[in-house]
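Here is the structure we will look at.
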Amino acid sequence: MYPDLNLFIDGQWRKTDTDIPVLNPATEEELARLPCASSADLDDALDAAVRGFQLWSLTAPRDRADTILRAAALMRARQDDIATSITLEHGKPFKQAQLEVIRGAEFFEWDAGEAMRTYGRIIPAAPGNKFSVHHHPVGVVAAFSPWNFPMSQPARKIAGALASGCSIILKAAEETPAGALHIAKAFEDAGLPPGVLNLVFGNPADISGYLIPQDPVRLVAFTGSTTVGRHLTQLAAQHDTRVLMELGGHAPVIVCEDTDVPKAAVSGAIRKLRNAGQVCTSPTRFFVHDAIFEDFASQFVTRAQETVVGNGMHDGVEMGPTANDRRVPALSALVEDARDKGATVATGGARHGDTGYFFQPTVLLNVPDTARIMQEEPFGPVAVVNRVASLDEAIAQANSVPYGLAGYAFTNRADYIDRMIDEVEVGNLSINTLEASMPETPFGGVKSSGYGREGGTEGLENYMTIKNVWHSASIA
Ligand code: NAD
C-alpha cells in the first residue's frame, strides 16, 4: 500500500542512521519511517550528480527524451499505486490523486518533447564570420519540492532538469515523500544512468544550507512559501547561483455582473476546495459585482456546505484533511482575525472532527481590507467573498497584495477582458475557467510570487545557459 522509504543516490537506494515518521493526515497514524540524509549522504549525492551531469549533458537529446518517455509511461501504468501513496500521505481524495499522477506524467512528456527543441540561432555577420547562439544545460540542480502535490511538484523540477541535460538532487517534502520516490523508481526502471537523478530527505534548512553553497550546484529550484524562497535566494546569491522560484499566491477572482451566477458560484466553491485549498493558484479572494453579490454569495456558501469532507480513500469524499498539523492552527487564526475585524463567517471556520488535520470548508463574507487574510495566503479551504461596485475597484483589489501568481475572472465582456489582460498583475490570467496552467503553458509569478517559468516553451530556459560563438574563417 505505502512504499518502503529510502534515499536514492547514485542509482542506489539507501537507509540512514536517523529517521522521522511520515503520518497519514486523515488518521494521524504512522505510515512509515523516512530516512534523513547526513552531510556524508549529501556529499555522495553531489559527487554522483557531478558524474551524472558529465554523462547526461553529453547524451543526445533524443535519447534523453526516450528515457523520460519510458519513465512517464511507467508512471501512467502505476497510476493507482502512486495515487494510493499520495492519498495516504497527503490526504487528498483518491480520484484527485489519480489525476495528479497523470498531470505529473504529462509534465515529463511535454518536457521530453522540448528536449529536442532547445534551438539556438544564427545571427547575420560579416563575410568570413559566423555568429551562432547555443544552449547548454546549466549543471547540477538542487531542487526543493513542497507537500501539496507530492508527485506533480517534484515532476515539474525533475522533468525540466532531465530534459535540459542537467543532473538533479531533489529534496522532496518530508510529509509526502512517496510521490517523488515513485518517480525515482520509474526512472531507475526506465534505465536512467546512476547519478542523474538523486533523491534525498531531511531537515529542509540543513539540506538547503549544505547543498546551495556547494560549487557544482548551478541552479536552485524551489516551490514553496515566499519567506523560504527569499531565504534560499539570498543564500544562492552569495554563491552567484541562479534561482527558479515558484512562490506563494493569493489569487483574485473578479466576478462581473454579466456572468452566469449559478455556474460561476458552483465552479468557484469546487475549485477553492480542491486539494483542501492548498494550491498556490487556489482561487481565494472573490470580488463580486454589487448587482449579483447576494445571489453569488448564497450559492457559493451552499455549495461549500454540501462538500463531502473525509478520508480521501473513502468513496464520495470531495475534500480531505489539510496536509499537516501546522495548517489547522494557522487557518483558525486567520478566520478569528477576520471575524474580529468584522467579517461574517457564513460557513465553517473551525477544525472538522477530532482526528486528522481536517478544516471545515469556510466562506468569509464582507471581509475588511484590514483583516490579515486580505494580505496573507490562507493555503487552506477558506474563501473570501467581497462585494465591489465596479471593475476599477475589482482590479485595484486584485492588485492589492504582494503576490501575482494566478488571477481569474468570470465575464464575457470583451472590454472587461481587454482591461484585465493589461492591468491585472499576475503571471497567469484565466477567464471563465479556474484552471491556471497546462504542461504546454508557461507557469510562474510576478511580484513576490517568484521568478522564472515552468512548462511551456519557456520552461527549459531556467535550466540552460547561452553560449554565443563567433567563428572567424581566418585569423583576424
Ligand atoms: P514552510 O514555509 O515552512 O515550508 C514550505 C515548503 O518549503 C515545505 O515543503 C518545506 O519543506 C520547504 N522548506 C521550508 N524551509 C526550507 C528551507 N530552509 N530550505 C528548503 N526548503 C524549505 O511552510 P509550511 O508550513 O510547510 O507551508 C505553509 C506555507 O508554505 C503556505 O502558507 C504556502 O504559502 C507555502 N507553500 C506553498 C506551496 C506552493 O505550491 N507554492 C506549496 C507548499 C507550501
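When a ligand or atom number is given, it counts from 1 through the structure's own listing order.
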State whether the shortest distance between N or O atoms of His231 and N or O atoms of ligand 1 falls below 3.5 angstrom. no

So which of Val279, Leu405, Val228 gets nearest to atom 16 (C) of ligand 1, if we judge by its closest heavy atom? Val228

Check: Tyr408 and Thr433 side chains under 4.5 Å, non-hydrogen atoms: no

Could you tell me whether Ser208 approaches ligand 1 through its side chain, its backbone, both or neither, with non-hydrogen atoms closer than 4.0 Å? side chain

Non-hydrogen side-chain atoms of Val243 and Leu232 separated by less than 4.5 Å: no

Do the rings of Phe379 and Trp147 sit parallel, tilted or perpendicular, given the 30° and 60° boundaries? perpendicular

Glu175: heavy atom below 4.0 Å from ligand 1, yes or no? no

Under 4.0 Å from a heavy atom of Glu377: which atoms of ligand 1 are those, numbered in the order shown and with their elements? 33 (C), 34 (O)

Regarding ligand 1, does Pro204 bring an N or O atom to under 3.5 Å of one of the ligand's N or O atoms? yes

Interfacing atoms of ligand 1 (cut-off 4.0 Å, heavy-atom, Leu232): 19 (N), 20 (C)

Taken in chain and number order and not counting sequence neighbours, the residues that satisfy side chain to side chain donor-acceptor pair (under 3.5 Å) with Thr223 are Lys157

min-distance protein heavy atom vs atom 18 (N) of ligand 1 -> Ala205 CA, 3.3 Å

Between the candidates Leu235, Thr223, Thr226, which shows the shortest non-hydrogen contact distance to atom 39 (C) of ligand 1? Thr223

Provide, to 0.1 Å, the distance between atom 30 (O) of ligand 1 and the closest protein heavy atom, together with that atom's residue and name. Ser225 CB, 3.5 Å

Any donor and acceptor pair, going by atom type alone, linking the side chain of Gln397 with main-chain N or O of Arg285 inside 3.5 Å? no

Under 4.0 Å from any heavy atom of Arg326, which atoms of ligand 1 are there? 24 (P), 25 (O), 26 (O)

Ligand 1 and Gln153, any nitrogen or oxygen pair closer than 3.5 angstrom? yes

Centroid-centroid under 6.0 Å between Tyr463 and Trp56 rings: no

Donor-acceptor check, side chain of Arg372 to backbone of Leu334, threshold 3.5 angstrom: yes or no? no

Any atoms of ligand 1 less than 4.0 Å from a non-hydrogen atom of Leu247? List them with their elements. 41 (N)

Tell me, which protein residue and heavy-atom name are nearest atom 27 (O) of ligand 1, and how many Å apart are they? Trp147 CZ2, 3.4 Å

Minimum distance, heavy atoms only, to atom 43 (C) of ligand 1: which one of Gly445, Pro146, Gly248 is it? Pro146

Sub-3.5 Å N/O-N/O distance, Asn148 and ligand 1: yes

is_close_aromatic(Phe286, Phe410), centroid dist under 6.0 Å: no

Report yes or no: do Glu89 and Asn24 form a side-chain donor-acceptor pair below 3.5 Å? no

Distance-only donor-acceptor check, side chains Lys272 and Thr284, under 3.5 Å: yes

For atom 44 (C) of ligand 1, which of the options Phe201, Phe379, Tyr403, Phe222 provides the nearest non-hydrogen atom? Phe379

Heavy-atom distance under 4.5 Å between the side chains of Val196 and Phe187, does that happen here? no

Under-4.0 Å salt bridge between Arg78 and Asp189: yes

Can you check atom 23 (O) of ligand 1: any protein non-hydrogen atom closer than 4.0 Å? no

Mark the output for Phe149 as yes if a heavy-atom distance to ligand 1 is under 4.0 Å, and as no if none is. no

Considering only non-hydrogen protein atoms, determine which one is nearest to atom 28 (C) of ligand 1 and report residue, atom name and distance to 0.1 Å. Arg327 NH1, 3.5 Å

